[in-house]
Trainee: 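Before I ask anything, here is the structure I am working with.
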Amino acid sequence: FNTHPDFTKLSLMLRKSFEPYITEPLKFLEPIPHITVARIKKVQEFVLDVSINETFIVNGMELWQSVRTPAGVTYPVLAKK
């Protein structure tokens, strides 16, 4: 993918909003275009106050599963469009 300053700005804004809920160190400092729909470890309530007035083009989609093993985490693709 090609980096874009608007995407980077949006990604960093969202990261800052979620900082109180991030429990593991980030593996990537530069944003990678993806959307995590759900990652459930334990149920807790939170309020996210982010307003996004942006549009973007989606060229493809993949559904990944996070699989933790003693050797590390893998992300097999469950579906792709």
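Quick caveat: nothing in here was measured; it's all calculated off a predicted structure. The figures that follow rest on heavy atoms only: side chains count, while hydrogens, waters and symmetry mates do not.
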Trainee: Output all residues satisfying side-chain contact (heavy atoms from CB on, under 4.5 Å) with Lys16, sequence neighbours left out; order by chain, then residue number.
Mentor: Glu19
Trainee: Does Val77 belong to the same Ile/Leu/Val/Met/Phe/Trp/Tyr cluster as Val73, with side-chain heavy atoms less than 4.5 Å apart forming each link?
Mentor: yes
Trainee: What distance separates Thr8 OG1 from Met13 CE, expressed to the nearest 0.5 Å?
Mentor: 12.5 Å
Trainee: Val67: which residues meet the side-chain contact (heavy atoms from CB on, under 4.5 Å) condition with it, sequence neighbours left out?
Mentor: Gln65, Thr69, Thr74, Pro76
Trainee: Please report the interatomic distance OG(Ser11) to CG(Asp6), rounded to the nearest 0.5 Å.
Mentor: 12.5 Å
